[in-house]
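A short worksheet on the structure shown next.
Numbering of ligands and ligand atoms starts at 1, following listing order.
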Amino acid sequence: MDKFIINGGKELEGEVRISGAKNAVLPVITAAILADGVSVIRNVPDLRDVISMCSLLEVLGAKTNFENSVLTIDSTGINNYHAPYDLVRKMRASVYVLGPLMGRFGRAEVSLPGGCAWGPRPIDLHLSGIEKLGAKIDLDGGYIKASAQKLKGNYIKFKKSSVGATGNVLMASVFADGETVMENTAVEPEITSLAETLVNMGAEISGIGERTMKITGVDRLEPMDISVIPDRIEAGTFLTACALTGGKLILKNAYADHIQAVIEALRRTGVKIESGKDISIESDGMFRPVDMITDVYPGFPTDMQAQWIAMMSVAKGNSIIEDTIYHDRFTHVAELNRLGADISVENNRAYIKSVEKLIGAPVMSTDLRASASLIMAGLRAEGTTTVQRIYHIDRGYESIEKKLQAVGADIVRIRD
Ligand code: EPZ
């Protein structure tokens with residue numbers, strides 16, 4: 001398994017181009033199932049999760065081709081509705097095929113995704129939403145078995161905001177007879193971009209970007225030709241990394257309005273951020289502590305919680321970080337403490353006692369964003385940090401070591 005060797009203490013200086021968003025492209029790929037023909041998706045990041053999702057679509061009978069950030073998907077030949085456990089267990093987002101398969105074919109057999117590094121990840125809201133559209137859903141042998149003659153529009157109120165459930169039910173509803181109204185939907189930019197993609201394909205959706213969306217069923221959709229929005233979490237990760245190491249970064253192809261909560265939080269620490277066409281940050285590596293509570297969009301994203309904890313570990317004062325979305329997403333804390341941080345966790349709160357410095361050591365990645373926090377900490381730490389099991393980071397960050405090397409970081413990938 002590959003690992004990163006990082007020699008810390010170097011400032012980051014220069015320009016970073018932000019890639020297409022993992023959490024936007026994954027549901028857009030499954031939306032291609034809804035239209036017969038060849039869809040074109042541009043600005044696609046070269047990530048393990050993208051490759052996994054393309055493999056899943058090929059299992060269903062689609063043909064995919066991915067080169068130079070352009071992904072084409074021919075869904076004409078889809079003739080299999082079974083998403084197998086060995087693919088779904090690797091990537092929870094595979095469950096996004098459920099909605100489009102039910103929308104277009106009225107049949108789907110999708111393995112239950114199982115848990116992840118930080119605990120159970122239920123999909124009850126996905127299933128109840130699709131059932132409200134008239135589907136019959138059974139759980140049998142670890143698989144979701146769903147079927148419907150023809151889905152019918154209905155009123156669906158989500159008991160809590162869920163990105164995945166909103167995306168899945170939205171895709172299931174585009175051909176449903178009549179009108180569907182979804183309330184308390186997620187409004188993350190990735191859902192807005194999915195809805196806009198579906199409209200690009202011919203769907204009738206209103207209330208995009210709001211917490212109530214209305215969908216009027218249509219008979220068919222045309223293949224898409226769209227470009228993926230920039231990855232707001234990658235952008236936030238590079239901003240916090242530069243705040244932590246010190247230096248000056250300019251982020252190209254990033255949408256500041258998608259990460260206002262992160263930008264405001266960084267400004268409260270005292271680092272300098274300008275946002276216009278690009279986002280620029282300047283830091284001397286010293287900053288005030290800022291307590292944080294994660295929330296659904298437009299609040300501070302849970303996917304930035306680990307990175308924020310890494311940064312706060314050496315702030316000029318103590319801080320508390322609470323994750324209201326996932327109550328047990330703290331597997332990175334024990335590894336950060338191996339680097340000299342002084343963090344304790346109680347329920348869904350991390351209590352950070354700031355330390356003077358971090359000291360390099362061997363650490364282990366446990367999940368995607370935890371890996372990012374360990375890399376950031378290694379960039380700050382004195383001495384050498386080895387980050388193992390970096391296949392996690394390759395799921396969601398395109399060539400992260402190359403992007404960091406280009407702005408002065410001393411990081412190399414050792415292929416094991
Ligand atoms: C998406 O996951 C993202 N993944 C996650 O990013 C992100 O952390 C999460 O949204 C929250 O923003 C993708 O988009 C591929 P949710 P998703 O449904 O859709 C509970 C990353 O690092 N819930 O919004 O699975 C759930 O347990 C990944 O890129 C139910 O109870 O998240 C959680 O507490 C990690 N029942 C909360 O809702 C359900 O049916 C929010 O989950 C679904 C979710």
- Item | For Asp278, salt bridge (charged side-chain N to carboxylate O under 4.0 Å, His left out) partners two or more places apart | Lys252
- For Glu204, salt bridge (charged side-chain N to carboxylate O under 4.0 Å, His left out) partners two or more places apart: none
- Task: Output yes when Glu222 and Arg220 qualify as a salt bridge under the 4.0 Å nitrogen-oxygen rule, no when they do not.
- Result: yes
- Task: State which residues pass side-chain hydrogen bond (donor to acceptor under 3.5 Å, both in side chains) with Asn184; sequence neighbours excluded, sorted by chain then number.
- Result: none
- Which protein residues have a heavy atom closer than 4.0 Å to any atom of ligand 1, listed by chain and number? Lys22, Asn23, Arg92, Ala93, Trp118, Arg121, Pro122, Ile123, Asp124, Leu125, His126, Lys160, Ser162, Val163, Gly164, Thr302, Asp303, Ile325, Tyr326, Arg329, Leu368, Arg369
- Do other residues, nucleotides or ligands put more than 12 heavy atoms under 6.0 Å from the NZ atom of Lys214? no
- salt bridge (Lys or Arg N to Asp or Glu O under 4.0 Å) between Asp303 and Lys22: does it pass, once the steps are laid out? CA-CA 12 Å; Asp303 293 349; Lys22 167 178 85 81; over 6 Å; no
